Amino acid sequence: MDCKKLAEMLFPEELKTPEYYEEIYPPRDLPAGSKVTRLGPSPTGFIHLGNLFGAFADERLAHQSGGVFFLRIEDTDDKREVEGAVETIISSLGFFGINFDEGATMSGDVGSYGDYTQSRRGEIYRCFAKKLVEEGKAYPCFLTEEEIASIREEQETLKANPGIYGKWAKSRNLDIEDIEKRINAGEKFVVRLKSSGNLDKPEEAIRRIRVEDAIRGVLDMPENDQDTVILKATGIPTYHFAHVIDDHLMRTTHVVRGAEWLPSLPVHIELFEKLGWKPPVYCHTAQLMKLDEEGNKRKLSKRLDPELSLDYYRREGYHPLAVREYLLTVLNSNFEEWRIANPDSPAEDFEFSTEKMSNSGALFDLNKLNDISKDVLLKISASELYDFLKGWSEEFYPEAAPVLADREYLQRILDIGRNEDRNPRKDHICAVQIVKNISYFFDEFFAREDDMPEEVAAAGDIETVIASYLSTYDHSDNQELWFDKIREIAGELGYAAKPKDFKKNPELYKGHVGHISTVIRVALTGRRQSPDIWQIQQILGENRTRDRLKEYISQ
RNA sequence: GGCUCUAUGGUCAAGUGGUUAAGACUCCGCCCUCUCACGGCGGCUACCCGGGUUCGAAUCCCGGUAGAGUCACCA
């Protein structure tokens, strides 16, 4: 068969040569050891935790080594385009601190290895597809959907491996006149790789490919034998082909992607071989898993699991640093230890390594995120926290506006108990939770949620307690003096001034000072649990403090 | 079904032939304490199973089992 002629027939248009592209996209001039990584989202605009997870790895690998991290838009699946997706991708990633050095941006491409949008690289893919056809390594395939379906059926009854390969690849050996006739008749065709692999022989004889994966060690799997489609009928490349062409031409050194790509690795390797190129270092990451209703692990699905969406964390008001910190602990098993040893260092100082990446699927753990978030938020100043809450409220929760009305006031609330040297409070987790936690500081949201303690209620002392408290209340008392007065009230009414005394001889008392202060707490905040009452009163101010207490008695 | 990956407590995980099998989160108890949070102390709970190899196996080998992924003109 005259492959040259076939190539001309399939690609009649004017195309550049492979050499041309090799020349305009030369190997990058970077210091030895620099890694070039990329993120290749499809432009549905839906960035999920998995993307972010991989993006952190990409980002760290590149920036830690003085390399380049670029963004490539993989929009070869024309059916799923979403308007404005690129902007969404860049801004959501940016929110979590992921920034690109090169590639697609809001205002066009940056960098000299573009175009960075696959749909605009058609000529390049066609050039290399043509080359493969010329060399007899690819061919046009006219199989229709129905024909493929029936091949599949036959394979099923024969218990043969499904797919287009070997003898099943019926378009492999079409003669050139036939092809010409079909093309002239306007028949649609795809371009398939003519695989030289063969799995149809004794297992020991099957050629195996061995690839060193930076996360998993050596991968050992049978070679590819599928005549994978490289160019669709529309002329658009499949992921497989685009990946190989782009990552070669863009001089990517490390490809970080999910483990779901493992099975197609042999295809990619064969493509690299046939093109005469060296494959990048692959880093196949573990997938984020979730426990389903039956108690089984399964891959997080964007359809079923709202927590997979980055928006979920944004809406809940998790701080980006907390999400980042959490993902890093999942990403690198030794990050947590490092963090304990270096509580105040920026995460960038951590030496990230692919070897320490887990290769089994990690379950998403909200408890852990919350715990990490507490520590992260503790290190953020009240002023910054205010700005964060404000941004969050404006975007997702305008109802919280009253909380943000007075910056000074909110900052004092946020700082309650946080500036202790020894054991600072850590009760901020995420914006939704914070707003809920501090709602009683705002008359708009103040609600009486909890009941009075039974001990005091049963004795009928509630009103007496509040009345005596009110009568001795002096807003200028310091914390110590303030509490002494409560002890006094407790003693006068027959409650133990110290909880320990009550514990020793419960029969001697109606209750203890804790119960008395709980009465004050409930009257003041509507809850039985809160930070220190004295501090709350100082923030609330004398008038509001007195009003709340009076209001309770007058009910 | 084929191919592939994975397998240590409820979760995440150290561990690479000899350890009392780390640590973190959760849970429980105690302490601190005016409640909560924080903090401190303690506890529960683990090497998937079966065979080998070895003086000795969580670790090496073989065979199961289980879970996951993938088998598109999606990525």
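Bear in mind the structure is a predicted one, so any value in this text is a computation, not a measurement. Naming convention: chains lettered A, B, ... in sequence-line order (proteins, then strands); numbering from 1 in each chain.
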A/Arg487 side chain, from C-beta outward: closest of B/C38, B/C34, B/C25: B/C34
The side chain of A/Asp365 lies closest to which of these nucleotides: B/C5, B/C34, B/C25? B/C25
With a 3.5 angstrom cut-off on both distances, give the Watson-Crick or G-U wobble partner of B/G69, or none if there isn't one. B/C3
Selection from B/A75, B/U35, B/G23 that lies nearest to any side-chain heavy atom of A/Glu336: B/G23
From CZ of A/Phe502 across to C1' of B/C34 the rounded distance in Å is 14 Å
Just how far, in rounded Å, is C1' of B/C3 from CG of A/Asp200? 15 Å
Would you name the heavy atoms of A/Ala382 and A/Leu414 that are closest together and state the gap between them? O-CD1, 4.0 Å
Tell which nucleotide pairs with B/C55, taking only Watson-Crick or G-U wobble pairs whose two distances are both under 3.5 angstrom. B/G18
With a 4.0 Å cutoff (strictly under), does any side-chain N or O of A/Thr518 reach OP1 or OP2 of B/C34? no
Taken to the nearest whole Å, CZ/A/Arg257 to P/B/G69 is 18 Å
Base, sugar-phosphate or nothing for A/Pro531? Non-hydrogen atoms, less than 4.0 Å. base
Between B/G52 and B/A46, how far is it from one P atom to the other, in whole Å? 26 Å
In whole angstroms, how far is the C1' atom of B/C3 from the NZ atom of A/Lys159? 17 Å
Side-chain ion pair, A/Glu74 and A/Arg72, N-O less than 4.0 Å: yes
Using only side-chain N and O atoms of A/Thr76, determine if any of them is under 4.0 Å from OP1 or OP2 of B/A75. yes
Can you check the distance between B/C41 and B/C5, where both ends of the measurement are the P atom (answer in whole Å)? 43 Å
Are side-chain N/O atoms of A/Glu351 and A/Asn334 paired as donor and acceptor at under 3.5 Å? no
Can you tell me, in whole Å, how much space there is between the P of B/A13 and that of B/U20? 26 Å
Where each residue is assigned the nucleotide of RNA chain B containing its nearest heavy atom, which of A/Pro222 and A/Asp375 is assigned the position nearer the 5′ end? A/Pro222
Upstream residue (5' side of RNA chain B) when A/Lys356 and A/Asn423 are each assigned their closest nucleotide: A/Lys356
Phosphate oxygens OP1/OP2 of B/C73: is one of them under 4.0 Å from a side-chain N or O of A/Arg192? yes
Look at A/Arg210 together with A/Asp220 and state whether they make a salt bridge at an N to O cut-off of under 4.0 Å. yes
Considering only atom P, compute the distance from B/C49 to B/A66 and round it to an integer number of Å. 15 Å
Spacing of A/Trp338 atom CH2 relative to B/A13 atom P, expressed in whole Å: 20 Å
Ignoring backbone atoms, establish whether A/Arg339 has a side-chain N or O less than 4.0 Å from OP1 or OP2 of B/A24. no
Quick check for you: among B/C73, B/C34, B/A72, whose closest atom lies nearest to any side-chain atom of A/Ala233? B/C73
If we take the C1' atom in both B/U11 and B/C73, what is their distance in whole Å? 42 Å
Would the base of B/C36 count as contacting A/Arg425 through its side chain, where contact means a donor and an acceptor less than 3.5 Å apart? yes
Identify which nucleotide among B/U33, B/U26, B/C34 has an atom closest to any side-chain atom of A/Ile533, counting heavy atoms from C-beta outward. B/C34
Using a 4.0 Å heavy-atom cut-off, does A/Arg418 contact any base of the nucleic acid, only the sugar-phosphate backbone, or nothing at all? nothing
Taking a pair to mean Watson-Crick or G-U wobble geometry with both distances below 3.5 Å, B/G39 pairs with B/C31
B/A14 to B/A21 separation - C1' atoms, rounded to the nearest Å: 10 Å
Quick one: is B/C30 close enough that its OP1 or OP2 comes under 4.0 Å of any side-chain N or O from A/Lys503? no
Any side-chain N or O of A/Lys426 less than 4.0 Å from the OP1 or OP2 oxygen of B/G39? yes
Ignoring backbone atoms, establish whether A/Lys500 has a side-chain N or O less than 4.0 Å from OP1 or OP2 of B/C32. yes
Return the nearest nucleotide to the side chain of A/Asn367; candidates are B/U26, B/C34, B/C73. B/U26
Any ion pair linking A/Arg528 and A/Glu449 (charged N to carboxylate O, less than 4.0 Å)? no
Donor-acceptor pair present, A/Lys368 side chain and B/A24 base, under 3.5 Å: yes
Between the main-chain N or O of A/Asp461 and the side-chain N or O of A/Lys510, is there a donor-acceptor pair closer than 3.5 Å? no
Starting at atom CD of A/Glu147, determine the distance to atom C1' of B/A72, rounded to an integer number of angstrom. 16 Å
Any carboxylate oxygen within less than 4.0 angstrom of a Lys/Arg side-chain nitrogen, looking at A/Arg527 and A/Asp450? no
Is any N or O donor-acceptor pair between the side chain of A/Asp532 and the base of B/C34 shorter than 3.5 Å? yes
May I have the distance from A/Glu260 (atom CD) to B/U70 (atom C1'), rounded to whole angstrom? 10 Å
Determine the interatomic distance between P on B/C44 and the same-named atom on B/G63; round to the nearest Å. 38 Å
Below 4.0 angstrom from OP1 or OP2 of B/A75, is there any side-chain N or O of A/Arg72? no
Say we look at B/C47 and B/G42: how far apart would their C1' atoms be, to the nearest angstrom? 24 Å
Under a 3.5 Å limit on both distances, the Watson-Crick or wobble mate of B/A46 is none
Quick one: does any side-chain atom of A/Asp532 pair with a main-chain N or O of A/Gln535 as donor and acceptor, under 3.5 Å? yes
With both distances kept under 3.5 Å, what pairs with B/U11, Watson-Crick or G-U wobble? B/A24
